[in-house]
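Down below is the structure, laid out as structure tokens.
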Amino acid sequence: MARGGHRRRRRGGAVGDPPGAQVHPGRAGRDRPGIHWSRRGLGAKLYGRRPRRHGRPRGPALRRLRGRRVDRARRPALGARGRQQVLSVQAAAGRRAAAMRTAEVKRRFLAHFEANGHTVVPSAPLPAIDDPNLLFVNAGMVQFVPYFLGQQTPPFRRAVSVQKCIRTPDIDEVGKTSRHGTFFQMNGNFSFGDYFKEEAIRLSWDLITKPIEAGGFGIDQEKIWATVYLDDDESIGFWRAVGLPAERIVRRGKADNFWSMGIPGPCGPCSEIYVDRGPAYGREGGPEVDEDRYMEIWNNVFMQYERGPGTDKENYPILGELPAQNIDTGMGLERMASIMQGVDNLYEIDEVRPLIDKACELTGKRYNVSHTTTAAESHPDDVRLRVIADHVRTSLMLIGDGVTPSNEGRGYVLRRIMRRAIRAMRLLGYEDPALPELLPVARDSMSPSYPEIATDFGRISQYAYAEEEAFRSTLRAGTTILDVAVADTKKSGGKTLTGDKAFQLHDTYGFPIDLTLEIAAEQGLSVDTDGFKRLMAEQRKRAKADAQARKTGHADLSAYRGALDAGGAVEFTGYAEVSRESKVRALIGSGGLITSAGEGELVEVVLDVTPFYAEGGGQLPDLGLITVGGGKVEVLDVQQPLPGLIVHKARVVEGEVRSGEAGYAQIDVERRRAISRAHTATHLVHQTMRNFLGGSATQAGSLNAPGRLRFDFNTPGAVPASVLTDVEQQVNEVLMSDLEVRAFVTSQAEAKRLGAMALFGEKYGEYVRVVEVGEYARELCGGTHAARSGQLGLVKILSEASIGSGVRRVDALVGMDAFRHLAKEHLLVSRLAELYRVPREEVGDRVEQTVSQLRDAERELEKMRAQLVLGGAAALAEGALDLGGVAYVGTEAPEGAAVNDVRTLAQEVRGRFPADRPAVVAVAARANGKASLIVAINDAAKSRGLSAQDLVKGALSGRGGGNADLAQGGGVPADQAPHLLGAVQAAVQTR
RNA sequence: GGGGCCUUAGCUCAAUUGGCAGAGCACCGCCUUUGCAAGGCGGGGGUUAGGAGUUCGAUUCUCCUAGGCUCCA
């Protein structure tokens, strides 16, 4: 549809062309879209990137066109139905622009609310940095939560945003229904104590019913339904006022139409807007009857009341009206786009469908062959194609926002999503690396809305392709193991692969169960899936039980929230001072908020102002002392469990501390200085690495400890030793230039203009802190630093190593620690030079020479020892006794003979007997005060029923063993050696 | 955070109930030779991740530490 719509739009003249293109022609190329938060920026963001499609290479475009044409010819019924559907939903006036691109839906949404006084706020990054309980932003309002909860004052009273979101709880439903996608975008308008129900309803009604020519969505008023909360008569009145007839306004209960965050705080009724997609999608009668036909497109939440505690979703007390009533709305962008494009589900909109087409092209599958009305009844291949499209897009956006595949947390979610996509490709028969084919398609679909995806694609694809390679090697390993298991099962006549085996493959080797099923089926085996599920459930139970067990030991977040609510953000004054007067705002014990703590107790102290730096940005926390009233606490750790809340984890070392008392906080200055030096050094190492390795060498993590730093960064391979030397040298030159280190707060735009480096995964507010070292390095940073680069004294890089694919780590020392390290090494070289009696420069050569001489000498010695031991072999064989037809040699090896030589002697003597003459050779040896025994016998002796193992065990009463030909043992006192030989001889004799 | 598995030569991997640590590739030398991963002979290269224990004896069994893979939270 994208293409069809595009063509049509061009033919239709200016209808689809954004007005801003004419208004601000010059801005397009200058501003970087995607990072705008001001109204001014909107124009550039939305209008600035049209023309690039003309410059696209022809190959892929043609291919895609061809694919589309085939596709459309194949399923004319759906095409016709789809178009018809669009026409019936939209007002006649909108027909010419029937298929509206997703980016255009987004643009219109923002423009409508901007025109109505809303500030356009850019999407927050997907990783939800501020909330430890939330992996990803999963709703449009997440970045506004502190405003809704009254923790922060919003800088605007009206806002509008299109927020990137990820939801994974029902990941298994992806592709099976039309509604579940792991990545989606949420349009939302927000009011913070400004307008309420009436205007919210009017604004949303205006946007969806406004004709397309006028910038709206042009939806036929007849097709619109609304739901309201049971007793929300107000809202019914407002809906009637805009023109919606009473028969299309439905009252619904608490489960559907009442909102709360699950914790005490704001709550209130909702009003949802539905669009009737027509009889082809289901029965008549409104959303109560059929939610497939009547599709929810927009939820308006009216934050009207305050609620109390309660675990249940519907069971909690309403405490009263909120003083400031807020509006929070959400319109699924993809859902809206699917309606505007007349497609059945969100996988078929312009931002997703090209991925399905590409996957079809690669796998030779055809999408939606047996066309169905709802996604739920789809062919398994269709489900897989949708999974691929959704997951590839999600992966692209996640990596784009700085998430990288790993074994835990966010990275693990990403990894699972990526592997599911790759797996789905395999199940469709495509076994080559799939992401290099698919990811660029996702980039082309998404970059119109998110240009940074295109500019950053090198980094994104590097991670993605590396992850696919890693997965391919686990698949290879798993396939081998599975093949063996299948063969074993078949050999033993089984028809079923055990649940144990399937689980082991999944659990230990990461081999997906669906591939196990597939491969087993090919081999005619079934799999015990019940057993597999049981084992999975057990594992889940274990992990959950563990998580529960340790949660009780923690002060949970509510105590922190209480402390934060009690006085707002804690002021940090440590940039400017190292000690100050303060007051204890709250004390937190193991069970929550407490009022006092006595000597010896561990307690978490919240001050209203503090010079203590909380661990963050790789910088370790300050330690120190807080004196309060008659008490004194030693600070052991400082953390920031919630944004703005600085918590000192401390032990009361003297007296007692009480909440509310005034006190004096003092940090360990020496430690702070050493940490600050390390932090400044980290910036210099970062900048210098980039100077030598290029701009892609970005920071991936760091540790700033007293006198020591660790710096992780992205780079494809090992850093050559010569580069490390150069980096080290340049950093030290910067130290000698004694540059001033300056920190200042500025707008994000200004920081970007200055070229300050910013990190992925960090969420920055409108104002950011920039730290610069002269003109040499400039970085966004909240840490503490030395005043001048000269204060660092010396930076010494110790090592460079790999810590993961594409990530390297350097360790370095700073200041006196670096000096002490060098001094120590100097002493070491002095000592070596002295021991070898050579000039220092020659120590290396001399060591090399010595090692090689020593090795030669050892080899020579070994050879001579062997000769000594083996020399007598012939004579020993000559002197063999005959014990009832068995040749027997019993001898003691020279004192101190090595085990290897003794064994060789035994074998050597044995070899001197003809093959048909039974022979037993026993050699005893003494070493380290212990006697040992080795017995070697030949095949002829074995066929007489003799066994070397038995002989050794017999002589040593079990303390030895080996096999029938050769056995050894020992451990008895050295003077027992003759007895051992005697025992063997006796055993042979009396056999 | 909890569970399973892995770590052996520069690389990829072998090594039977615990009993002489190997192969292929790479490297070095010599020879042969000029055709797509050339061949032949010879050679160097190992604290079997580190530490402790059990044992006559540990790459192998047990425990601890470090790193990696993987599943579940």
Side-chain angles (χ1 to χ4, degrees), chain A residues 132-133 135 168-169 171 405-413 415-416 419-420 467 469-478 480-481 500-513 516 532-554 718 801-805 807 809 848 851-852 855-856 859 862 866 898-908 910 924-936 947-949 952-974 976-977 980:
Chain A
N133 293 324
L135 289 179
T168 55
I171 191 168
S406 80
N407 296 335
E408 50 179 35
R410 302 184 177 103
Y412 183 57
V413 175
R415 164 166 287 173
R416 269 208 311 215
R419 294 189 170 196
R420 282 169 59 95
E467 176 60 18
E469 271 318 305
F471 186 44
R472 288 170 65 81
S473 59
T474 71
L475 286 183
R476 273 193 293 274
T480 311
I481 296 167
D500 271 356
K501 197 70 205 176
F503 180 71
Q504 187 203 21
L505 274 161
H506 161 83
D507 181 59
T508 303
Y509 301 103
F511 197 79
I513 183 67
T516 301
F532 175 81
K533 281 182 192 151
R534 183 172 42 76
L535 290 165
M536 282 296 285
E538 279 171 22
Q539 153 139 292
R540 221 165 265 143
K541 213 164 103 188
R542 262 199 311 274
K544 276 204 174 121
D546 175 76
Q548 294 275 299
R550 75 186 42 258
K551 207 159 225 170
T552 51
H554 262 233
S802 164
I803 56 162
S805 62
V807 188
R809 165 176 294 174
E848 192 178 3
V851 167
S852 124
R855 196 173 45 218
D856 290 348
R859 206 166 283 154
E862 209 172 299
V899 186
N900 276 354
D901 297 335
V902 176
R903 183 167 37 230
T904 314
L905 173 64
Q907 285 167 312
E908 189 66 23
R910 178 181 63 182
R926 307 176 192 216
N928 306 323
K930 299 249 172 118
S932 64
L933 173 70
I934 290 187
V935 175
S947 155
Q949 183 161 242
V952 166
K953 284 187 170 167
L956 286 157
S957 46
R959 312 178 76 177
N963 52 42
D965 309 287
L966 183 78
Q968 56 189 289
V972 296
Q976 297 276 308
L980 297 179

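What you are looking at is a predicted structure, and each value in this text was computed from that prediction instead of being measured. Sequence lines set the chain letters: A, B, ... in the order given, protein chains first and strands last, and positions in each chain run from 1.
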Take atom [atom1] of [X] and atom [atom2] of [N], then tell me their distance rounded to the nearest Å.
X        : N     : atom1 : atom2 : answer
A:Glu908 : B:C20 : CD    : P     : 18 Å
A:Leu135 : B:C72 : CG    : C1'   : 14 Å
A:Ile481 : B:U70 : CD1   : P     : 13 Å
A:Leu535 : B:C72 : CG    : P     : 13 Å
A:Asp965 : B:U16 : CG    : C1'   : 14 Å
A:Asp500 : B:C5  : CG    : P     : 13 Å
A:Phe503 : B:C72 : CZ    : P     : 9 Å
A:Asp507 : B:G2  : CG    : C1'   : 11 Å

Do [X] and [Y] have side-chain heavy atoms sitting under 4.5 Å apart?
X        : Y        : answer
A:Lys953 : A:Arg959 : no
A:Leu966 : A:Arg903 : yes
A:Thr516 : A:Phe511 : yes
A:Gln976 : A:Lys930 : no

Would you mind telling me which of [options] lies closest to the side-chain atoms of [X]?
X        : options             : result
A:Arg959 : B:C5, B:C20, B:C56  : B:C56
A:Arg542 : B:C71, B:G3, B:U70  : B:G3
A:Gln539 : B:C72, B:C69, B:C20 : B:C72
A:Arg419 : B:U70, B:C20, B:G3  : B:U70
A:Met536 : B:C69, B:C5, B:C71  : B:C71

[atom1] atoms of [N] and [M], separation to the nearest Å:
N     : M     : atom1 : result
B:C69 : B:C41 : C1'   : 41 Å
B:A49 : B:U60 : C1'   : 16 Å
B:G44 : B:C30 : C1'   : 15 Å
B:G67 : B:C25 : P     : 36 Å
B:G18 : B:C63 : P     : 16 Å
B:A52 : B:U59 : P     : 14 Å
B:C71 : B:C11 : C1'   : 29 Å

Residue pair A:Ala470/A:Thr508 against RNA chain B: nearer the 5' end by closest nucleotide is A:Thr508

5' priority, RNA chain B, between A:Asn963 and A:Glu467 [closest heavy atom]
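Looking at the nearest nucleotide for each, A:Asn963 comes out on the 5' side.
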
Between the side chains of A:Glu469 and A:Arg472, is the shortest nitrogen-to-carboxylate-oxygen separation below 4.0 Å, so that they form an ion pair?
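Salt bridge present between A:Arg472 and A:Glu469.
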
Go through the N and O atoms of the side chain of A:Gln949 and the base of B:G19, and report whether any donor-acceptor pair is under 3.5 Å.
no

Ignoring hydrogens and geometry beyond distance, is the side chain of A:Gln968 in donor-acceptor contact with the base of B:C56 at under 3.5 Å?
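Answer no: no donor N or O sits under 3.5 Å from an acceptor.
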
Pairing nucleotide - [N], Watson-Crick or G-U, each distance under 3.5 Å:
N     : answer
B:A15 : none
B:C36 : none
B:G44 : none
B:G53 : B:C61
B:C25 : B:G10

Separation of A:Arg534 CZ from A:Phe503 CZ (nearest 0.5 Å):
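Nearest 0.5 Å value for the CZ-CZ distance: 10.0 Å.
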
N/O (side chain, A:Arg540) to phosphate O (OP1/OP2, B:G2) under 4.0 Å
no

So, OP1 or OP2 of B:C71: does either fall under 4.0 Å of a side-chain N or O from A:Arg416?
no

Any donor and acceptor pair, going by atom type alone, linking the side chain of A:Thr474 with main-chain N or O of A:Phe471 inside 3.5 Å?
yes

Are any side-chain N or O atoms of A:Arg410 and backbone N or O atoms of A:Leu135, one a donor and one an acceptor, separated by less than 3.5 Å?
yes

Give [X] one of three labels, base, sugar-phosphate or nothing, depending on what nucleic acid heavy atoms sit under 4.0 Å from its own.
X        : result
A:Gln504 : nothing
A:Gly962 : base
A:Thr904 : nothing

